Amino acid sequence: MHSNTEDTICALASGSGPAAISVIRISGPKAIEICNTIFKGKDLNKVDSHTIHFGTIREDDVLVDEVLVSVFKGPNSYTGEDVIELSCHGSPFIRQKIINLLLDRGARSANAGEFTLRAFMNKKMDLSQAEAVADLISSESEASHKLAMQQMRGGFSSEIGKLREELINFASLIELELDFSEEDVEFADRSELKDLILKVHKLAQGLIESFKVGNVLKNGVPVVIAGKPNAGKSTLLNQILKEERAIVSSVEGTTRDTIEDEAVLNGVIFRFIDTAGIRETKDEVEAIGVKKTLEQIETAAIVVYMFDVNTFTPSTLRDVIKELEEPLSRNGAKLLLVGNKIDQKDEEMVRAQYKDFDDMILISAKDNQNVEKLSNKLVDLIETQEVSSSDVMVTNSRHYEALTKADASLMNALNGLETGITGDFIAMDIRQSLHYLGEITGQITSDDLLGNIFSNFCIGK
Ligand SMILES: Nc1nc2c(ncn2[C@@H]2O[C@H](COP(=O)(O)OP(=O)(O)OP(=O)(O)O)[C@@H](O)[C@H]2O)c(=O)[nH]1
Ligand SMILES: [Mg+2]
């Protein structure tokens with residue numbers, strides 16, 4: 001993906017609907033000059049950087065709008081180039097008029113993400129920071145906001161930087177040895193090298209592991225509500241979402257397809273998935289739903305297994321847990337047992353009956369009894385997974401894949417050291433590992449990669 005930096009680009013940077021104020025952004029070598037041709041007020045060519053000016057925009061002699069123009073001169077701007085941010089009244093008509101005037105005077109419409117692409121090319125930020133900008137814009141919860149902010153400010157980049165530094169040291173030691181290979185010297189102490197690789201491997205593993213949590217924090221923790229028909233799953237979903245999202249009825253097999261919606265609990269996004277009740281059925285549509293339920297369980301982070309305390313027994317519950325064991329383990333999902341319809345039974349009696357099951361919650365979904373307790377429990381289950389720590393976390397699947405490949409190359413190098421393979425092969429593995437790390441921060445890029453990343457941005461960013 002190229003951005004011809006000879007071009008001056010412009011685009012609407014704020015939302016597309018009518019608004020009190022809209023911001024039009026212009027960046028490039030002629031940003032100030034072009035803006036100056038339509039602006040009446042101070043001569044923008046003569047003002048200082050980081051100043052704001054009031055004036056009017058005119059088309060010929062017709063007044064289009066009164067505006068404020070912020071001037072940022074490169075390299076001290078978002079893109080590193082001369083940048084103008086023009087605040088006008090937020091009417092779609094005015095905005096389009098001003099943009100048309102700018103295009104007329106020689107600016108070009110910016111592509112999606114082109115401002116941030118320029119910031120990356122001008123080394124204002126590395127690639128993972130640029131990606132965090134997009135995450136920040138789309139963050140919907142406290143947790144996803146925090147992660148994006150940390151990444152944008154370079155927390156993740158500096159972790160990757162550390163890994164790279166260690167490996168570069170390593171590679172230079174090995175390569176120095178290669179230069180003198182005729183003389184059969186060993187500069188690099190093999191056991192020291194091994195320790196170094198193990199150290200980097202440990203760091204990489206920590207980051208790779210963090211993806212599991214980082215990913216759910218960014219995209220929402222998938223919570224599957226499962227159970228037999230009529231357990232009250234849809235009633236619970238509606239209570240948590242505080243709306244009548246799913247149909248509730250006393251007919252078994254009401255929910256036939258999965259229903260998904262998000263709720264933010266304690267700053268964390270949860271994606272609740274209400275499912276078709278699990279039972280043997282001759283109904284074809286329902287059977288497809290049941291199959292889907294089982295698949296959902298395999299991808300969940302938490303499975304809320306719900307049962308009706310009137311019709312269940314501890315021994316059936318034990319059987320259910322046994323059946324769920326295998327699908328749960330596939331993704332390392334946690335199980336939360338929830339006994340429902342406690343309004344129809346004596347709570348103490350039921351508690352005594354199920355005393356062997358730790359951490360079970362008894363609720364009445366219908367009467368909204370203990371549902372908040374259940375929500376808190378969900379938050380606890382996530383938070384105890386060290387989420388609340390301020391450690392750097394991987395949230396981006398591209399980074400996750402690159403780290404996994406980098407680590408695999410490291411393991412090849414380690415293997416090489418252990419089996420006494422010659423230095424040139426080991427150096428190759430290390431170079432390979434460096435290559436993958438470089439892809440994360442953007443020292444190594446391709447047009448395809450950049451195109452992929454920046455085309456997902458919105459125009460104007
Ligand atoms: N008494 C009582 N009834 C409940 C409670 N929760 C749900 N119900 C009733 O149980 C019936 C089934 O509720 P649903 O929420 O549709 O159950 P479901 O698990 O989604 O059922 P399927 O979609 O068929 O798998 C409805 O008549 C609900 O009103 C509760 O806490 N107490
Ligand atoms: Mg249902």
Side-chain angles (χ1 to χ4, degrees), residues 222-263 265 270-300 302-314 316-321 323-324 327-328 333-354 357 359-378:
V223 179
V224 167
I225 308 174
K228 293 232 173 331
N230 262 357
K233 302 179 292 297
S234 300
T235 309
L236 176 66
L237 178 80
N238 291 345
Q239 279 293 3
I240 292 174
L241 299 178
K242 300 189 173 68
E243 62 172 305
E244 298 304 309
R245 180 75 173 78
I247 299 172
V248 166
S249 90
S250 57
V251 178
E252 295 197 345
T254 302
T255 308
R256 295 168 152 231
D257 203 349
T258 52
I259 300 173
E260 209 177 305
D261 217 331
E262 287 181 3
L265 307 177
F270 285 86
R271 267 195 302 119
F272 288 96
I273 303 146
D274 179 21
T275 60
I278 305 168
R279 67 165 172 181
E280 297 275 333
T281 174
K282 292 205 168 66
D283 182 307
E284 210 177 304
V285 179
E286 194 188 341
I288 294 170
V290 172
K291 186 163 167 270
K292 228 168 148 180
T293 301
L294 298 171
E295 287 166 7
Q296 290 284 353
I297 288 175
E298 289 181 11
T299 61
I302 300 174
V303 173
V304 170
Y305 186 83
M306 217 176 167
F307 61 93
D308 181 344
V309 293
N310 298 292
T311 57
F312 243 62
T313 63
T316 358
L317 188 57
R318 217 161 271 129
D319 290 345
V320 167
I321 295 174
E323 261 174 62
L324 286 177
L328 283 173
K334 299 198 167 150
L335 178 65
L336 180 58
L337 299 172
V338 175
N340 189 31
K341 308 196 187 183
I342 197 70
D343 53 294
Q344 294 179 328
K345 281 260 187 181
D346 179 61
E347 189 171 336
E348 284 315 308
M349 229 178 69
V350 179
R351 200 170 295 287
Q353 198 185 355
Y354 288 92
F357 299 87
D359 269 354
M360 173 190 292
I361 299 186
L362 298 175
I363 69 167
S364 166
K366 203 169 102 189
D367 295 348
N368 201 15
Q369 201 184 322
N370 288 348
V371 172
E372 199 177 319
K373 203 161 136 191
L374 195 159
S375 301
N376 292 338
K377 184 80 201 170
L378 291 174

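Whatever order the structure lists them in is the order used to number ligands and atoms, beginning at 1. Just so we're clear, the structure is a prediction, and the values are computed from it rather than from any experiment.
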Subject >> Taking every non-hydrogen atom, the tightest pair across Asn230 and Ser249 >> reply: OD1-O, 3.3 Å
**OP:** Give a yes or no on this: more than 12 heavy atoms of other residues, nucleotides or ligands lie within 6.0 Å of atom CD1 of Ile288.
**Re:** yes
Would you tabulate the polar-atom pairs, meaning N/O of ligand 1 against N/O of the protein, with distances under 3.5 Å, reported to 0.1 Å?
from: ligand 1; atom 1: 1 (N); to: Asp343; atom 2: OD2; distance (Å): 3.0
from: ligand 1; atom 1: 1 (N); to: Gln344; atom 2: NE2; distance (Å): 3.1
from: ligand 1; atom 1: 6 (N); to: Asn340; atom 2: ND2; distance (Å): 3.2
from: ligand 1; atom 1: 10 (O); to: Lys341; atom 2: NZ; distance (Å): 3.0
from: ligand 1; atom 1: 15 (O); to: Ser234; atom 2: N; distance (Å): 3.4
from: ligand 1; atom 1: 15 (O); to: Thr235; atom 2: N; distance (Å): 2.9
from: ligand 1; atom 1: 15 (O); to: Thr235; atom 2: OG1; distance (Å): 2.5
from: ligand 1; atom 1: 16 (O); to: Ser249; atom 2: N; distance (Å): 3.3
from: ligand 1; atom 1: 16 (O); to: Ser249; atom 2: O; distance (Å): 3.4
from: ligand 1; atom 1: 17 (O); to: Gly232; atom 2: N; distance (Å): 3.1
from: ligand 1; atom 1: 19 (O); to: Ala231; atom 2: N; distance (Å): 3.2
from: ligand 1; atom 1: 19 (O); to: Gly232; atom 2: N; distance (Å): 2.9
from: ligand 1; atom 1: 19 (O); to: Lys233; atom 2: N; distance (Å): 2.8
from: ligand 1; atom 1: 19 (O); to: Lys233; atom 2: NZ; distance (Å): 2.7
from: ligand 1; atom 1: 20 (O); to: Ser234; atom 2: N; distance (Å): 2.9
from: ligand 1; atom 1: 20 (O); to: Ser234; atom 2: OG; distance (Å): 2.9
from: ligand 1; atom 1: 21 (O); to: Asn230; atom 2: N; distance (Å): 2.9
from: ligand 1; atom 1: 23 (O); to: Thr255; atom 2: N; distance (Å): 2.9
from: ligand 1; atom 1: 23 (O); to: Thr255; atom 2: OG1; distance (Å): 2.8
from: ligand 1; atom 1: 24 (O); to: Gly253; atom 2: N; distance (Å): 2.8
from: ligand 1; atom 1: 24 (O); to: Thr254; atom 2: N; distance (Å): 2.8
from: ligand 1; atom 1: 25 (O); to: Lys233; atom 2: NZ; distance (Å): 2.8
from: ligand 1; atom 1: 25 (O); to: Gly277; atom 2: N; distance (Å): 3.3
from: ligand 1; atom 1: 31 (O); to: Asn340; atom 2: OD1; distance (Å): 3.1
from: ligand 1; atom 1: 31 (O); to: Asp343; atom 2: OD1; distance (Å): 3.4
from: ligand 1; atom 1: 31 (O); to: Ser364; atom 2: OG; distance (Å): 3.1
from: ligand 1; atom 1: 31 (O); to: Ala365; atom 2: N; distance (Å): 3.0
from: ligand 1; atom 1: 31 (O); to: Lys366; atom 2: N; distance (Å): 3.1
from: ligand 1; atom 1: 32 (N); to: Asp343; atom 2: OD1; distance (Å): 2.8
from: ligand 1; atom 1: 32 (N); to: Asp343; atom 2: OD2; distance (Å): 3.4

Original post:
Okay, side chain of Lys334, backbone of Leu328: is any donor-acceptor separation there less than 3.5 Å?
Top reply: no
Subject >> Heteroatoms of the protein, restricted to N/O/S, which lie under 2.8 Å from the Mg ion (ligand 2) >> reply: Ser234 OG, Thr255 OG1
Original post:
Does atom CD of Glu252 have more than 12 heavy-atom neighbours, drawn from other residues, nucleotides or ligands, at distances under 6.0 Å?
Top reply: yes
Original post:
So which heavy atom on Ala246 is nearest to which on Leu237, and how close?
Top reply: CB-CD2, 4.0 Å
**OP:** Report the C-alpha separation of Gln369 and Ile342 in whole Å, then their side-chain angles, then the decisive distance to 0.1 Å, and conclude whether the side chain to side chain contact (heavy atoms under 4.5 Å, CB included) test is met.
**Re:** CA-CA 8 Å; Gln369 201 184 322; Ile342 197 70; 4.0 Å; yes
Subject >> Closest approach of Ile302 to Ala333 (non-hydrogen atoms, all atoms of both residues) >> reply: N-CB, 4.5 Å
**OP:** Using a strict 4.0 Å threshold on nitrogen-to-oxygen distance, state whether Asp283 and Arg256 make a salt bridge.
**Re:** yes
Subject >> Exceeds 12 heavy-atom contacts within 6.0 angstrom, atom CD of Glu243 >> reply: yes
